[in-house]
**Q** 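Structure in structure tokens, see below.
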Amino acid sequence: MTPDQVKLVQQSFSKVAPISDQAAAIFYDRLFEVAPQVKAMFPADMTEQRKKLMATLAVVVNGLSDLSSILPVTSALAKRHVGYGAKPEHYPVVGAALLWALEKGLGEEWTSEVAAAWTAAYGTLSGFMTSEAYGTPLAAE
């Protein structure tokens, strides 16, 4: 990721953060629409899960300017997700749902540059996470 991409991700996330519960709901609705099989991995009441998602995203997004500071957190997160039943093939689906939700949340502020920055961020982190969790990085889509 370039410094400009980091800045774009951080700036765009700061615009989504005030509507974090709504943004998380949009994300999970989309995820369960495109991958209904993963819904069983989640609790019936998604309130706490939505909060956890947005809190984790905030930590990761804020740490992008010093990637080494967030790698231990993302490694631990990846390993926990294995226990929840997450598989390497879930990562691209989650990424697509995240980008879709961000596009909906940002509206006209979702530009091709912002999309490219988020795609780079997600690709970097999901590749690291799959490597940590499964021993092999996720192949680029």
Side-chain angles (χ1 to χ4, degrees), residues 1-35 37-141:
M1 290 188 70
T2 68
D4 285 342
Q5 287 177 320
V6 169
K7 187 176 177 181
L8 281 171
V9 168
Q10 291 173 336
Q11 288 173 341
S12 60
F13 186 74
S14 72
K15 295 171 184 167
V16 174
I19 58 161
S20 62
D21 192 59
Q22 181 184 358
I26 291 168
F27 163 75
Y28 283 114
D29 287 348
R30 180 65 174 178
L31 179 62
F32 298 155
E33 177 184 329
V34 298
Q37 70 278 12
V38 303
K39 190 168 185 166
M41 294 182 208
F42 294 91
D45 181 354
M46 292 290 291
T47 305
E48 284 304 310
Q49 183 63 36
R50 288 192 301 266
K51 289 178 187 175
K52 287 178 187 177
L53 169 71
M54 295 310 289
T56 300
L57 276 174
V59 168
V60 170
V61 166
N62 290 330
L64 285 176
S65 48
D66 180 15
L67 206 52
S68 64
S69 71
I70 59 171
L71 293 182
V73 172
T74 55
S75 175
L77 181 66
K79 291 170 184 171
R80 278 196 312 274
H81 277 78
V82 172
Y84 304 146
K87 299 189 180 334
E89 60 267 22
H90 293 139
Y91 281 78
V93 177
V94 168
L98 177 64
L99 295 177
W100 189 88
L102 288 164
E103 180 179 3
K104 296 304 171 207
L106 289 168
E108 292 179 5
E109 294 184 56
W110 181 257
T111 64
S112 60
E113 293 83 11
V114 171
W118 274 98
T119 300
Y122 187 79
T124 297
L125 291 170
S126 66
F128 174 75
M129 290 175 71
T130 56
S131 178
E132 290 293 293
Y134 308 102
T136 56
L138 184 66
E141 293 284 314

**Q** Compare every heavy atom of Met46 with every heavy atom of Pro43, then report the nearest pair and how far apart it is.
**A**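 Closest approach of Pro43 to Met46: O-SD, 3.4 Å.
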**Q** Under a 4.5 Å cut-off applied to non-hydrogen side-chain atoms, are Leu53 and Tyr28 in contact?
**A**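 Leu53 reaches Tyr28 side chain to side chain.
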**Q** Under 3.5 Å, side chain of Ser131 to main-chain N/O of Gly127, donor-acceptor pair present?
**A**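 No, the answer is negative, given that no donor and acceptor are paired below the 3.5 Å cut-off.
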**Q** Is there side-chain contact between Leu67 and Leu125, with heavy atoms separated by less than 4.5 Å?
**A**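 Yes, at least one pair of side-chain atoms sits under 4.5 Å.
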**Q** Please work out which of the three classes, parallel, tilted or perpendicular, describes the rings of Trp118 and Phe13, given edges at 30° and 60°.
**A** tilted
**Q** Identify the heavy atoms of Ala133 and Ala78 that sit nearest to each other, and give their distance.
**A** CB-O, 3.7 Å
**Q** Donor-acceptor pair, Tyr134 side chain versus Val82 backbone, under 3.5 Å?
**A** no
**Q** If every non-hydrogen atom of Ala121 is compared with every non-hydrogen atom of Met1, which pair is closest and at what distance?
**A**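 That would be CA-SD, 3.4 Å.
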**Q** Hey, what do you get for CG (Leu77) to CG (Leu71), rounding to the nearest 0.5 Å?
**A** 12.0 Å
**Q** Show the nearest heavy-atom pair for residues Ala24 and Met54, with the distance to one decimal.
**A**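 Scanning both residues, the minimum pair turns out to be CB-CG, 3.9 Å.
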**Q** Mind checking the OG-CD1 spacing from Ser75 to Ile70? Nearest 0.5 Å is all I need.
**A**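 Ser75 OG to Ile70 CD1: 12.0 Å, rounded to 0.5 Å.
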**Q** Quick check for you: to the nearest 0.5 Å, what is the distance between Ile26 atom CD1 and Glu103 atom CD?
**A** 11.5 Å
**Q** Looking only at heavy atoms, which two atoms of Ala25 and Arg50 are closest? And how far apart?
**A**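 Ala25 and Arg50 have their closest heavy atoms at N-CD, 3.5 Å.
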**Q** Can you list the steps and then say if Thr2 with Asp4 is a side-chain hydrogen bond (donor to acceptor under 3.5 Å, both in side chains)?
**A** CA-CA 5 Å; Thr2 68; Asp4 285 342; 5.3 Å; no
**Q** Is there a side-chain contact between Val114 and Thr111 (heavy atoms, below 4.5 Å)?
**A**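 Heavy-atom side-chain distance check passes, below 4.5 Å.
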**Q** What's the separation between atom NZ in Lys79 and atom OG1 in Thr74, rounded to the nearest 0.5 Å?
**A**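 If we round to the nearest 0.5 Å, Lys79:NZ and Thr74:OG1 are 10.0 Å apart.
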**Q** Please report the interatomic distance CD(Gln22) to NZ(Lys104), rounded to the nearest 0.5 Å.
**A**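 The CD atom of Gln22 sits 13.0 Å away from the NZ atom of Lys104.
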**Q** List the atom of Ala35, the atom of Val93, and the distance in Å for their closest heavy-atom pair.
**A** CB-CG1, 3.6 Å
**Q** So, taking the atom named NE2 in His90 and the one named OH in Tyr84, what distance separates them when rounded to the nearest 0.5 Å?
**A**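 Rounded to the nearest 0.5 Å, the NE2-OH separation comes to 15.0 Å.
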